[in-house]
Amino acid sequence: MAGVSGEPGGSPGVSERREYLFKVLVIGELGVGKTSIIKRYVHQLFSQHYRATIGVDFALKVINWDNKTLVRLQLWDIAGQERFGNMTRVYYKEAVAAFVVFDVTRGSTFEAIAKWKTDLDSKVFLPNGGPIPAVLLANKCDQKKENNIQSPSHMDHFCKENGFAGWFETSAKDNVNIDEAARFLVENILTNSKNFPAEENNDGTIEINSEAMPAESKSQCC
Ligand code: GTP
Ligand code: MG
């Protein structure tokens with residue numbers, strides 16, 4: 001089975017150790033901080049300079065989850081300007097989870113969240129046909145919130161209504177809650193992968209499906 005949907009692998013003979021590769025999407029409006037969150041999480045870097053992502057970009061985060069489990073997160077950083085375009089269907093393929101990001105300083109980016117979530121849920125599914133786990137990130141919490149940004153209790157309600165597993169206030173700039181949000185997402189993915197165990201590869205390796213890697217991808221950083 002090709003793909004990045006989280007099949008357990010690992011070297012033959014090291015049966016105790018489990019390795020997973022999970023494809024995780026990072027989506028949301030233009031300029032909300034998707035690339036910055038990934039850069040902070042993977043490289044511990046932040047830049048004030050805004051360079052819009054074109055198409056999709058990739059990063060790989062390796063997590064020693066516990067002494068028996070290694071998790072590789074392949075983060076798909078999808079340009080905000082892709083807004084529900086036809087390419088998102090290709091990008092979403094075989095994803096097992098998503099971060100949906102908005103910018104607390106721009107209420108319009110929160111208003112677009114429901115549309116991003118609907119787009120996601122219409123294009124990618126778990127093996128049982130259910131939606132993939134999605135975590136909502138209220139980014140730029142180091143800045144003053146715009147007035148129409150909701151209180152924590154409203155956010156809890158919004159998550160329930162729109163099928164988000166949870167939400168976190170984050171700051172890529174000040175490194176707030178990004179590791180915590182990622183840990184929460186991985187817990188959700190691992191729970192799903194226990195419920196729907198995938199086939200183990202015959203040769204014990206995990207392949208990345210080249211079909212699902214769009215030609216216009218610019219870089220793969222790790
Ligand atoms: P697209 O690629 O166009 O979809 O945008 P993006 O969502 O990847 O946004 P990006 O990470 O490029 O960030 C946009 C701008 O917001 C940049 O100038 C960042 O420096 C800034 N930014 C991102 N995260 C934060 C944050 O947590 N706090 C503050 N103050 N600024 C941030
Ligand atoms: Mg970007």
Side-chain angles (χ1 to χ4, degrees), residues 23-61 73-93 95 97-120 123-124 132 134-150 152 155 162 164 166-185 212-222:
K23 173 176 172 179
V24 173
L25 306 171
V26 185
I27 59 177
E29 293 287 281
L30 224 101
V32 294
K34 300 178 296 293
T35 303
S36 303
I37 288 169
I38 293 171
K39 277 222 173 98
R40 167 61 75 190
Y41 183 50
V42 176
H43 303 292
Q44 289 79 46
L45 292 175
F46 176 76
S47 158
Q48 298 277 1
H49 178 70
Y50 174 41
R51 199 166 129 250
T53 305
I54 311 292
V56 65
D57 220 336
F58 306 98
L60 188 72
K61 174 79 176 180
L73 289 188
Q74 189 188 61
L75 297 155
W76 284 53
D77 176 8
I78 294 167
Q81 64 190 17
E82 287 293 329
R83 276 200 107 195
F84 330 124
N86 286 332
M87 283 311 286
T88 58
R89 188 178 298 280
V90 179
Y91 298 154
Y92 292 177
K93 209 176 150 206
F99 285 120
V100 190
V101 187
F102 72 96
D103 173 349
V104 296
T105 70
R106 287 186 294 141
S108 60
T109 65
F110 177 65
E111 279 148 26
I113 287 293
K115 281 188 208 145
W116 279 102
K117 183 68 165 60
T118 308
D119 186 57
L120 183 72
K123 291 175 179 164
V124 62
I132 63 171
V135 171
L136 183 60
L137 301 183
N139 192 41
K140 307 197 190 178
C141 72
D142 56 285
Q143 305 264 77
K144 193 176 175 305
K145 289 188 181 81
E146 202 171 79
N147 287 339
N148 63 341
I149 297 300
Q150 317 269 331
M155 289 294 290
N162 290 276
F164 284 98
W167 69 280
F168 290 80
E169 273 192 343
T170 58
S171 167
K173 182 166 178 266
D174 291 349
N175 195 16
V176 176
N177 268 345
I178 294 173
D179 286 342
E180 288 78 359
R183 211 170 303 132
F184 177 77
L185 194 75
M213 287 284 211
E216 69 266 38
S217 70
K218 290 185 301 174
S219 65
Q220 184 162 9
C221 35
C222 50

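As a basis for the values below, the full set of heavy atoms in this structure was taken, side chains included, without hydrogen atoms, waters or symmetry mates. Sequence positions, counted from 1, serve as the residue numbers for this chain. All ligand and atom numbering here is 1-based and tracks the order in the structure.
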>> Below 3.5 Å, N or O to N or O, backbone or side chain included: is there any such pair between Gln81 and ligand 1?
In response: no

> Is the closest N or O pair between Thr170 and ligand 1 shorter than 3.5 Å?
Replying inline: no

> Is a side-chain N or O of Thr109 found less than 3.5 angstrom from the main chain of Asp103, in a donor-acceptor match?
Replying inline: yes

> Does the N or O separation between Ile78 and ligand 1 drop below 3.5 Å for any pair?
Replying inline: no

> In a check of salt bridge (charged side-chain N to carboxylate O under 4.0 Å, His left out) between Glu29 and each of Arg106, Arg83, Lys34, which one passes?
Replying inline: Arg83

> Are Asn177 and Thr170 close enough that a side-chain donor and a side-chain acceptor fall under 3.5 Å?
Replying inline: no

> Looking at side-chain heavy atoms only, is the closest gap between Val26 and Ile38 below 4.5 Å?
Replying inline: yes

> Between Gln143 and ligand 1, which residue portion shows a heavy-atom distance shorter than 4.0 Å: side chain, backbone, both, or neither?
Replying inline: side chain

>> Please classify the Ser36 to ligand 1 contact at 4.0 Å (heavy-atom distances, strictly less than): side chain, backbone, both or neither.
In response: both

> Asp142 heavy atoms, cut-off 4.0 Å: which ligand 1 atoms fall inside?
Replying inline: 26 (C), 27 (O), 28 (N), 29 (C), 30 (N)

> Looking only at heavy atoms, is any part of Leu30 under 4.0 Å from ligand 1, and if so is it the side chain, the backbone, or both, or is it neither?
Replying inline: both

> Would one find an N, O or S atom of Ser36, in either backbone or side chain, under 2.8 Å from the Mg ion (ligand 2)?
Replying inline: no

> Just distances here: any N/O of Cys141 and N/O of ligand 1 closer than 3.5 Å?
Replying inline: no

